[in-house]
Every structure is written in structure tokens, then in C-alpha cells.
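Contents: one structure, followed by commentary.
Just so we're on the same page: letters track the sequence lines, and every chain starts at 1. Note that the coordinates shown come from a computational prediction; the quantities given were computed from them, not determined experimentally. These values consider heavy atoms only, across backbone and side chains, with no hydrogens, waters or symmetry-generated copies.
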Amino acid sequence: MISENPFDQFRRECQTVLSNALKKTLPEIKTPAITLSKTPNIEYGQLASSLCFELAKKLNQKPLSLAEHLVGAIDKSSFKLIEKVSCAGAGYINFYVNFAKFSALTLESVKQLKFDYGFVKTAKPNKIIVEHTSVNPLHPIHIGQARNPLLGDALARILECRGYKVSRHYYIDDVGRQSSVVAYGYEKLGRPKPTEKADHFVGKIYTVTSCLVEINRLKKARDLAIAVHSADDLVKVNKEIDEWMSIAAELKEKYPVLFESLMAKIGEDQNPEEEINRLNRAYEDGEPKAKQLIREVSDLCLEGFRETMKRVEVTYDSWDWESDFVWSTQVSEVLQKLKTSPFVYSEKGVLEFDAEKVVQVLNLKGKLGLGENHEVSPLTLVRADGTTLYTTRDIAYTLWKFKHAQKVINVIGMEQSLAQLQLKLALYALGYGEYAENFVHFAYNLVTLPGYKMSSRRGHYITFDNVLDEAVQRAYEEVSKRSPQLSEKEKRKIANFVGLGAVRYALVDVDSSKPVIFTWERVLNFETNSAPYVQYTHARACSILRKAAREPEKPAFELLSEKLERELILNLASFPDTFVEAAEYLKPNLIADYANVLADKFNTFYNALPVIKAESQGLSDARITLTQAIQIVMHNALTLIGVVAPEKM
RNA sequence: GGGCUCGUCGUCUAGUACGGAUUAUGACACCGGCCUGCGGAGCCGGAGGUCCUGGGUUCAAAUCCCAGCGGGCCCGCCA
């Protein structure tokens with residue numbers, strides 16, 4: 001007898017029993033939906049109902065006497081998992097599980113389902129596209145952006161285990177001015193071969209080029225301000241020039257050769273700004289030379305990204321080029337269709353989308369959860385020169401995604417909430433209400449450095465690669481200190497999964513709606529960080545099982561009567577609940593927390609109670625089975641967030 | 001100016017969707033203990049709190065509502 005969700009089985013029994021008692025004692029009352037909550041303490045049983053507090057008022061009775069009545073009417077004879085039901089406090093009804101049976105059910109279920117345990121399948125195994133990472137191919141991925149792939153990958157793993165057909169997409173944003181800036185610099189340098197990791201190489205070219213072009217532009221603006229005698233503008237421009245000059249000085253010091261040669265080459269052009277705009281235009285128009293150039297530099301950068309992502313075991317099923325949607329008819333088709341809707345108007349030669357009107361006309365305020373005073377700003381769809389904007393192209397991309405999936409989840413920072421809302425409203429405007437309802441913006445909060453925001457344009461960032469290197473290096477020092485007897489190869493291997501695990505954990509374990517301030521301490525302190533702790537605990541469980549060196553023959557589950565053991569059983573039995581919640585509410589941090597709690601409990605158990613040398617063979621067998629189950633569940637939880645569960649470390 | 005979002009011991013953090021129990025979760029740092037026991041990257045104990053503030057709803061509020069305060073973000077012919 002096994003169950004894919006033991007705790008839920010117990011809960012259902014309790015619900016049925018209570019609902020029956022209710023019908024019997026109070027037939028005149030319409031039976032409410034019975035929700036049971038976990039008790040604050042194992043002394044109060046495992047599940048509790050506060051139903052009597054609600055009923056008391058309606059019936060004008062005391063909650064406690066109602067509870068007594070109901071408890072008296074409960075017939076649990078045909079249910080196997082309920083040990084007893086009692087009333088407590090001012091009117092709670094507490095349900096106690098029969099641990100002998102429940103332990104057997106739980107442990108046998110884990111053992112049989114093994115690496116599938118906990119992964120309760122959805123009733124609707126739809127296809128879901130998860131778009132994540134999508135860092136512009138201009139510079140290396142920095143630590144602020146790294147929260148995205150780690151959250152996205154954890155979500156994808158969780159949804160996949162939930163039974164959805166998940167496809168992971170990377171949207172390559174190669175259209176737009178910034179791509180032309182880097183391509184312009186790259187071309188000026190004579191399309192050099194990378195002398196280091198490709199994305200880092202491209203990133204330097206981008207930052208220096210962007211800085212030089214910006215200064216050039218600002219100087220022209222200054223001349224203009226002088227010419228028209230605008231003192232205000234002059235002050236403003238001068239301030240900006242000062243800022244960029246200091247950035248230039250920094251860059252010149254960091255990359256003297258690159259800086260000098262780009263400065264000389266860019267200096268040859270009368271108007272670099274115009275060259276870049278021309279390139280941008282040519283790329284959107286699909287001119288072969290522009291295509292060749294921008295794709296080449298973008299590909300270089302992506303090559304670096306692939307390397308980084310391979311290292312942390314984040315994978316993608318599809319790399320989608322934004323430019324492909326521009327070159328095909330898809331973007332213009334969307335525009336044509338939008339133009340015929342009543343939500344688009346033309347102003348000073350640009351095409352505007354009236355998002356607020358969509359909300360009004362289709363009465364979406366409540367459905368979208370918008371506040372009373374929330375007015376959605378309009379969105380510019382097409383520039384005066386006829387080129388499109390980012391969100392416009394994203395509409396076409398989104399429609400394409402819905403040709404391949406029933407649900408679309410975009411892992412995108414919360415700073416893009418407005419654009420994502422406008423995009424959703426555009427789907428409504430186009431008549432794709434169903435798409436709009438299955439379009440999810442998974443918004444996460446920013447990662448910042450203490451004191452300032454990371455800026456790729458200014459070259460102020462800590463790269464993800466750098467963080468990974470540091471983490472692995474630091475882990476190596478720890479391993480060498482703690483396990484000097486290991487071979488060099490083993491040390492390296494352990495340092496790798498500990499370091500990478502710590503980084504993944506650090507960026508997934510905080511609620512994604514909360515901001516994270518990046519400190520090295522947060523990632524590298526292996527005392528604070530739970531990933532190495534959980535990994536260590538997993539290895540410890542494996543070690544016991546190795547030492548035991550036997551399969552439990554006759555586990556006496558009824559002997560697992562210590563409070564610690566019971567808490568562990570309850571934790572194991574509740575893993576499916578936690579998993580389902582994490583999947584349905586898109587909360588990967590729940591999994592990280594769960595793993596940590598389980599590890600904590602196991603360590604306490606480990607210190608307090610002997611497993612192999614337990615008083616009797618039956619108890620020892622039961623504790624070995626418990627340890628096996630803990631090891632399996634810890635492994636399953638870690639896998640969901642992409643952290644290695646090691647047998648040794 | 002408007003909108004969105006976050007605010008919980010010194011620091012970091014769980015709980016907030018779906019209000020419940022005397023005692024608000026855990027970690028770091030701090031104080032004091034535990035290695036001749038299955039892995040000490042561990043365990044046990046102690047101290048530390050206006051759950052941002054003020055109202056309201058309720059038998060019951062960290063959780064819901066209203067009004068504020070503080071930080072971050074957005075309101076571009078950028079992405």
C-alpha cells in the first residue's frame with residue numbers, strides 16, 4: 001500500500017470524517033468547504049479545524065460545546081490513518097494521525113516511488129513555454145541578471161516534474177541600438193578573434209564603444225546648447241559629460257590598448273551616432289552585410305553565455321532571435337491587425353497603443369487586479385522613422401509562442417512590469433483573450449550591489465562567471481582544510497558542486513518578490529549558506545547507509561515513536577504538498593526552505609538517536625528505512641533547484 | 001505628481017495568496033556547553049522582537065481594509 005501524497009491522504013480522511021459528522025449533527029446547515037490547517041505543535045495533533053469558531057456565531061452557541069458535539073459524532077471506524085479526534089483550546093478540533101500506519105505508508109511510498117516521490121502530476125499536462133535569461137548579447141551576464149536563469153531554471157524543473165511539457169526559451173534581443181553599438185565597435189577593430197572568454201571580450205568592446213559614442217554625442221549637444229544660449233541645458237550636458245569622462249578614464253586605465261585603438265578608429269568617423277543608426281536600420285531591413293556583422297558579434301557573445309550556463313547546468317530548448325520576427329512578416333502582421341483595432345492611434349507620425357482604453361472597453365480592471373486609480377500608460381509601437389520598438393516585437397514573439405504552447409511564463413525583472421502588462425493588453429486588443437489569461441509575467445526583484453545599481457553600460461558590474469569562480473575557489477579552500485586526505489581530483493570535484501550549489505541556493509532561497517543585496521558574504525559564507533549544509537547532510541545520510549550495508553528486512557515502523565522521528569515522517573509525508581504549492585504558485589524558494597528544514601531535523605535526529613546500533617533489529621531497520629527516505633527526498637528537493645546531492649563531500 | 005513593489009530581533013530571513021491556539025520561523029554574529037559514538041561543513045542551551053506607524057473589520061490580525069512613513073522600481077520614438 002503506497003500513496004503519492006501520504007499527508008493528503010490523511011487530510012482527506014479527516015475532511016470526510018468531519019464533513020460526515022457535520023451532516024449528522026447539524027443537517028440543517030449547508031456544509032461549508034472544510035479546510036484544515038497544520039497545528040502549531042505536534043502535541044495538538046497533525047491537523048486542526050477552526051470551523052466551530054465560524055459556526056458558533058451563526059448558531060449562537062459556544063465554539064467549544066459545538067466542537068464537543070462534533071467530536072462525539074465522528075465515526076472514524078472506516079478510516080485507517082486517523083488515531084483520534086479531540087477538541088481543544090476554545091473550540092478547535094484536532095486530528096491525530098496513527099503513526100504506526102502513517103509511518104509505514106510514508107516510508108514505503110518514498111522507497112517505492114524513489115526519485116519520483118513528491119512529484120505529484122497535474123491533471124492538465126499542458127505545454128508551457130518558460131522564457132528566461134534573455135540577457136542581451138552585448139556583455140557578460142552579471143550577478144544581477146543571474147537571478148533570472150537560476151529562478152527560471154528552477155521553475156522549469158519544477159513544472160516539468162509536475163507533468164507539464166516544458167520548453168525553455170532564450171529570447172535573443174539582437175534588434176535595437178545597443179547591438180548596433182557593439183557591432184560598430186567590433187567592425188572598427190577589424191572583427192578581431194576573442195583573446196579571452198567570448199562574452200567578456202565582447203563586453204569590453206561594448207562598454208568602451210558605448211562610452212566613446214556617448215561622449216561624442218554629448219559634446220555635440222553641448223555645442224548646440226552654447227549656440228542657442230541655453231544655460232540650463234549647458235549645465236545639464238556638462239554634468240553628464242563629466243560623468244562619462246570619468247567612466248572613460250576608468251576604462252582607459254583598465255583596457256589601455258583597446259581604449260586607444262577604439263578611440264582612434266571611432267575618431268575617423270564624422271558622426272558615429274549616425275553610423276550606428278544606419279546600421280540599426282539596415283539590420284531591421286535585413287541587409288545582408290548588416291545581418292552578417294550583427295549576427296557574428298551576437299553569436300560570439302552567446303557562445304560565452306552557453307559556456308557559463310553549461311557550467312551551472314542550465315539548459316535551453318530553443319534560442320529565439322528577435323530579428324527573425326522582424327525579418328519575417330510576423331511583426332508587420334501584428335501591426336496591421338492592431339491598426340484595425342479601436343485601440344491604436346497615430347500621433348505626430350508615431351503609432352501609439354492605448355492600453356488604458358483596452359482596460360476600460362473590455363472591463364479588465366478587476367480581472368487584472370489593477371488598483372482603482374491605476375491608469376495604464378500608452379505604448380509607442382512604431383517610431384517616426386518606421387522602425388519598431390522592443391515591446392511591439394515582443395507581441396509578435398508572444399503570439400508565436402502561443403502557437404507552440406498553452407501557457408507562457410516570462411521570467412523578467414519587475415522593472416518591466418508595465419511593458420509586460422501592455423503586452424498582455426495587446427493580446428486582449430487583438431482578440432486573444434485566452435492567450436492573455438495564460439500569459440504570466442514572473443516578476444522578480446532586483447539584485448543590487450550595496451550602495452549602487454549595477455550598470456552594464458557603465459561597465460559597473462560583477463560578472464556571473466566571476467562569482468562562480470570565487471565560489472568554487474573558496475569551496476576548494478574549505479575542502480582542503482576539512483578533508484586534506486582527499487585526492488586533488490576529488491577536492492576539485494567537491495569544490496565545484498559545493499561552490500556552484502551555494503550560488504544557486506543563494507539566489508533561489510529568498511522570495512523572488514523581495515530585493516536581494518549582493519554581498520560576497522551571502523554567497524561564499526558556507527556557514528550561512530544552506531546549500532553546503534544540505535549537501536553535507538545528504539552525504540552524511542549516504543554515509544550511514546553505506547555503513548549499514550544492508551537492506552532493512554523487517555522494519556518495525558511502530559517503534560518510530562520519538563518526537564523527532566515523527567516530525568521527520570511528517571516532513572517527508574508533506575513533501576508532495578510543498579512541491580505542488582511551489583509548482584502552482586511558482587515559488588521555487590519553498591523547495592529550498594523545505595530541503596533546509598529536512599536537513600535540520602535529520603541532523604538533530606542523527607545526534608540524538610542511533611540508527612545502525614539501535615536497541616533492536618526492528619527499530620534499526622525502521623531507522624535505516626527512515627534514513628533512506630530522507631536521503632531520497634533531500635535528493636529530490638535539491639534536484640528541483642539544480643543543486644547536486646552528493647554521496648560524499 | 002501618478003502607479004507598482006518591499007518593510008518581521010544588531011544583520012539576513014520564514015510565515016502574508018487561504019486570518020486562528022500558551023510561546024512569531026530559522027540562520028549569522030554574541031554568551032555557555034558537546035568529539036575514544038553512524039561524517040564537528042555537525043549538535044544542545046542562553047540572550048536578543050514597537051512583525052514600519054496609526055486607525056478600522058473580526059470571537060481572533062504579521063496576515064484583510066483605509067490613511068500615512070521609509071527604501072527600490074516604472075511612467076522613453078531605450079531594452
Between [X] and [Y], a side-chain donor and acceptor under 3.5 Å:
X         : Y         : answer
Asn410(A) : Tyr171(A) : no
Tyr206(A) : Gln178(A) : yes
Tyr505(A) : Asn596(A) : no

Which atoms of nucleotides 71-77 of chain B (N or O only) lie under 3.5 Å from a protein N or O atom, and what are those distances?
from: rC75(B); atom 1: O2'; to: Ser377(A); atom 2: OG; distance (Å): 3.2
from: rC77(B); atom 1: OP2; to: Thr380(A); atom 2: OG1; distance (Å): 3.1
from: rC77(B); atom 1: O3'; to: Arg383(A); atom 2: NE; distance (Å): 3.3
from: rC77(B); atom 1: O2; to: Ala384(A); atom 2: N; distance (Å): 3.1

Residue [X], side-chain atoms from C-beta onward, closest of [options]:
X         : options                   : result
Glu581(A) : rC28(B), rA17(B), rC6(B)  : rA17(B)
Tyr536(A) : rA21(B), rA41(B), rC18(B) : rA41(B)
Asn607(A) : rC43(B), rC18(B), rA41(B) : rC43(B)
Asp511(A) : rA21(B), rA41(B), rA14(B) : rA14(B)
Lys514(A) : rC28(B), rA14(B), rC43(B) : rA14(B)
Tyr44(A)  : rC44(B), rU22(B), rG3(B)  : rU22(B)
Ser543(A) : rG7(B), rG26(B), rG39(B)  : rG39(B)
Pro40(A)  : rU13(B), rG42(B), rA21(B) : rA21(B)
Val510(A) : rA21(B), rU13(B), rG39(B) : rU13(B)

| query | Using purine N1 to pyrimidine N3 plus N6-O4 or O6-N4 for Watson-Crick, or N1-O2 and O6-N3 for G-U wobble, both under 3.5 Å, which nucleotide pairs with rG19(B)? | reply |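 Because no pair has both required distances under 3.5 Å, rG19(B) counts as unpaired.
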| message | Which nucleotide, if any, forms a Watson-Crick or G-U wobble pair with rC73(B), using both distances under 3.5 Å? | response | rG3(B)
Integer angstrom distance from the [atom1] of [N] to that of [M]:
N       : M       : atom1 : value
rG54(B) : rU63(B) : P     : 12 Å
rA47(B) : rA41(B) : C1'   : 26 Å
rG70(B) : rA21(B) : C1'   : 34 Å
rC73(B) : rU53(B) : C1'   : 23 Å

| field | Distance (rounded to the nearest 0.5 Å) between Ser65(A) OG and Glu68(A) CD | value | 6.5 Å
| request: Starting from P on rG40(B), measure out to CE on Met649(A) and report it in whole angstrom. | output: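 Result: 13 Å.
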| query | Atom CZ of Phe53(A) and atom C1' of rA21(B): how far apart are they, to the nearest Å? | reply |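 Rounded to the whole Å, the gap is 7 Å.
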Tell me whether the OP1 or OP2 atom of [N] has a side-chain N or O from [X] closer than 4.0 Å.
X         : N       : answer
Arg540(A) : rG40(B) : yes
Arg177(A) : rC78(B) : no
Asn603(A) : rG42(B) : no
Thr528(A) : rC12(B) : no
Lys547(A) : rG39(B) : yes
Lys57(A)  : rU58(B) : no
Ser417(A) : rC4(B)  : no

| message | Is the shortest side-chain heavy-atom distance between Lys424(A) and Leu368(A) below 4.5 Å? | response | yes
Checking the side chain of [X] only, and the main-chain atoms of [Y] only, is there a donor and an acceptor separated by less than 3.5 Å?
X         : Y         : result
Asn571(A) : Glu567(A) : yes
Gln416(A) : Gly413(A) : no
Ser512(A) : Val508(A) : no

| task | Could you label the plane-to-plane angle of the Phe518(A) and Trp520(A) rings as parallel, tilted or perpendicular, counting under 30° as parallel and over 60° as perpendicular? | result |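 Answer is perpendicular, since the angle exceeds 60°.
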| field | hbond_proxy Glu54(A) side chain to rA60(B) base (donor-acceptor, 3.5 Å cutoff) | value |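 By the distance-only test, no, there is no pair.
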| task | Check if the side chain of Asn94(A) and the base of rA21(B) share a donor-acceptor pair of N or O atoms closer than 3.5 Å. | result | yes
